[in-house]
Amino acid sequence: MTFNSLSVVGLGYVGLPTAAIFAGRGLDVLGVDINAEIVELINQGKVHLVEPDLDKVVHDAVGAGKLRAATEPEPADAFILAVPTPFTDDRKPDLSHLQAAAESLKGVLKKGDLIVVESTVPVGATESLSARLSNLCPGLSFPHEAGAEADIMIAHSPERVLPGHVIRELTQNDRVIGGISPRCGERAAALYRLVVEGECLLTTAPTAELVKLSENAYRDVNIAFANELSVICDRLGIDVWEAVELANHHPRVDVLQPGPGVGGHCIAVDPWFIVDSAPDDTDLIRAARKVNDAKPHHLAGRIADAARGLKDPVIACLGLAYKADIDDLRESPAITVVRELAGAGVGEILAVEPHVDALPPALDGLDNVTKANLEEALERADVVVLLTDHRVFKDVPRKRLEGKRVFDARGVWR
Ligand code: SAJ
């Protein structure tokens, strides 16, 4: 059976491009989001996110009549759930958005439908979702009980796209697909093969869940190594960038880049889902989180020490986004650095972030922090801190930094 219609629930960084790409392949796609403003914008062919090429893909799909958005789901052959799965204050997975998204399908599901969970989830969550839905839909059978005979098929296929490269990676990356039963996996693979040029790799739902978490924990551990090295280098008076570059000439060494810390809603969050599932067996993963979370404090401390030696210093902090050339401020270490500097009360802080219009709530209302443009900040600053390696900052002529105290947390002005 082919797929004619698809519904994507959650129109964020992953859901919106996914919806638009399937629509571009000819499926009738409904994007569902609880935010009516986002829905209205998309129906006008516009987007609410900064992601290269996304605006064109969405504009074309809406213009061709293949992509619509609504606040409530409608019947479809397949449903992709791509809603946030953050953690709670005590670092436990918060599955409330995912559960609400799944439950919103109860009135529209019919025999033969496929549901794919793309959101990152702890091991076991996809099967639990099947059990929850089964309680809500007594007329239908679900795969955690009925296996291959189930009316509804459910699989986990974690998104793996890199913000900033989403459109390309959505089609080119290999895709891990874990069905609750093998039939569920096959059905989900048939859906993704419509758009994915990479391989579709079939496994069980719990394995797919752990694979996704492991990918991000692996990266976190490796970034933690680089960040720990940078703290050691600060103590020993060695240029960490040069040390990393030289070490990477070894054929079996590939140290990642140190930075102000690790941000975003994935790498700074997902390792905790593994820790939560196996608290006694996750010393390394936990230590990496600790090292990466400590990095903004280390950096803020060094900047504050330098600023204390100056009279009424102006400190320009370049970048609030968690990484280059995007507008995403979630879990951003840059914001932690600015906040801590503000708390230290060592001078006036000018925060520069060309990708957002206003200061985020974490900084808004602090009386020694204002948003500034790059030109003004460079003009007035005694101390310049590069926190995010946006292209526009990399291009700052080195002459503009002369006579100022510079903290380059990304190593781009060397
Ligand atoms: N970072 C460093 N040094 C590095 C690399 C990254 O400090 O050498 C920092 C970045 O500045 C940023 C953070 O780490 O603050 C994370 O950035 P990232 O580019 O490594 O990853 P994300 O969070 O944007 O996207 C990750 C990706 N996962 C992996 O590369 C294993 C992506 O493929 C996932 O789809 C995404 O998480 C997700 O949604 O889970």
Side-chain angles (χ1 to χ4, degrees), residues 10 12-18 49-52 82-87 93 117-122 156-170 172-176 198 208-231 240-241 244-245 247-248 253-274 285 288-289 291-296 298-299 319-337 386-390 393-394 408-412:
Y13 285 90
V14 172
L16 180 56
T18 302
L49 311 163
V50 175
E51 174 63 41
V83 292
T85 44
F87 58 13
V117 176
E118 281 207 14
S119 311
T120 305
V121 291
H156 177 52
S157 183
E159 63 83 10
R160 305 162 104 190
V161 287
L162 193 66
H165 303 267
V166 168
I167 299 298
R168 176 171 53 79
E169 290 209 351
L170 259 180
Q172 290 183 2
N173 286 3
D174 295 340
R175 190 114 216 161
V176 174
E209 290 163 342
L210 184 67
V211 166
K212 163 69 193 197
L213 299 174
S214 313
E215 291 165 0
N216 281 350
Y218 169 88
R219 196 152 167 85
D220 197 44
V221 167
N222 283 282
I223 298 169
F225 181 79
N227 278 335
E228 185 161 294
L229 207 57
S230 74
V231 175
V240 67
W241 312 102
V244 167
E245 196 181 309
N248 286 349
V253 173
D254 189 7
V255 181
L256 292 182
Q257 298 299 301
V262 166
H265 58 301
C266 307
I267 294 185
V269 174
D270 298 353
W272 290 116
F273 289 14
I274 307 184
I285 293 174
R289 280 285 67 242
V291 168
N292 286 332
D293 277 350
K295 189 65 203 288
H298 170 79
L299 180 59
L320 295 176
Y322 84 88
K323 65 178 198 176
D325 301 325
I326 59 172
D327 65 342
D328 195 337
L329 307 186
R330 286 176 292 180
E331 309 287 330
S332 178
I335 293 177
T336 310
V337 171
L386 181 91
L387 293 169
T388 313
D389 43 348
H390 291 318
F393 300 152
K394 284 187 189 169
D408 173 5
R410 299 283 183 173
V412 299

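Ligands are counted one by one from 1 in listed order, and the atoms in each one are counted from 1 as well. For the single chain, residues carry numbers from 1 onward in sequence order.
Contact atoms of ligand 1 toward E159: 35 (O), 38 (C), 39 (O), 40 (O) (distance under 4.0 Å to a heavy atom of the residue). Near R160, the atoms of ligand 1 lying under 4.0 angstrom from a non-hydrogen atom of the residue are 32 (C), 33 (O), 34 (C), 35 (O). Against a heavy-atom cut-off of under 4.0 Å, E215 is close to the following atoms of ligand 1: 31 (C). Close contacts of ligand 1 with P163, meaning ligand atoms under 4.0 Å from a residue heavy atom, involve 24 (O), 25 (O). Within ligand 1, counting atoms from 1 as listed, the ones closer than 4.0 Å to a heavy atom of R219 are 5 (C), 6 (C), 18 (P), 20 (O), 29 (C), 30 (O), 31 (C). Interface atoms of ligand 1 facing C266, defined by a heavy-atom separation under 4.0 Å, are 36 (C), 37 (O), 38 (C), 39 (O), 40 (O). Ligand 1 places these atoms under 4.0 Å from at least one heavy atom of K212: 34 (C), 35 (O), 38 (C), 39 (O), 40 (O). Ligand-side atoms of ligand 1 in range of V161: 32 (C), 33 (O), 34 (C), 35 (O), 36 (C), range being under 4.0 angstrom from any heavy atom.
Taking 4.0 Å as the cut-off between side-chain N and carboxylate O, R175 and E118 count as a salt-bridged pair. Comment: E169 does not engage R160 in a salt bridge, judged by the lack of any side-chain N to carboxylate O separation of less than 4.0 angstrom.
For the pair T388 (side chain) and A321 (backbone), a donor-acceptor distance under 3.5 Å is present. Of the possible donor and acceptor atoms, none in the side chain of D270 sits under 3.5 Å from a partner among the backbone N and O of L213. Side chain of E51 to backbone of V166: a donor-acceptor contact under 3.5 angstrom is found.
Heavy atoms of Q257 found under 4.0 angstrom from ligand 1 belong to the backbone as well as the side chain. If you look at I223 next to ligand 1, the close heavy atoms, those under 4.0 Å, all belong to the side chain. At a 4.0 Å heavy-atom cut-off, ligand 1 does not touch E169 at all. Contacts of R330 with ligand 1, taken as heavy-atom pairs under 4.0 Å, are absent altogether.
Of all protein heavy atoms, the one closest to atom 19 (O) of ligand 1 is K323 NZ, 2.9 Å. For atom 24 (O) of ligand 1, the nearest protein heavy atom (residue, atom name, distance) is Y322 OH, 2.6 Å. Atom 31 (C) of ligand 1 has its closest protein heavy atom at N216 OD1, 3.3 Å.
From Q257, atom CD reaches atom CG of N222 across 12.5 Å, with rounding to the nearest 0.5 Å. For the atom pair CD (E331) and CZ (F87), the distance works out to 5.0 Å, reported to the nearest 0.5 Å. Separation of atoms CG (L229) and CG (L256) is listed at 11.5 Å; rounding is to 0.5 Å. Going from atom CG of D220 over to atom CZ of R289 covers 4.0 Å, rounded to the nearest 0.5 Å. Here the straight-line distance linking atom CG of N173 with atom CZ of R168 works out to 8.0 Å at 0.5 Å rounding. Separating the CG atom in L320 from the CG atom in L387 is a distance of 7.5 Å, to the nearest 0.5 Å.
By the 3.5 Å distance cut-off applied to N or O atoms, I267 is not counted among the residues near ligand 1. The shortest N or O to N or O distance between H265 and ligand 1 is not under 3.5 Å.
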*Quick one: do K295 and S230 satisfy side-chain hydrogen bond (donor to acceptor under 3.5 Å, both in side chains)? Show the steps, please.*
CA-CA 9 Å; K295 189 65 203 288; S230 74; 2.8 Å; yes

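For G263, the heavy-atom gap to ligand 1 drops under 4.0 angstrom. Within the 4.0 Å heavy-atom cutoff, R410 counts among the residues contacting ligand 1.
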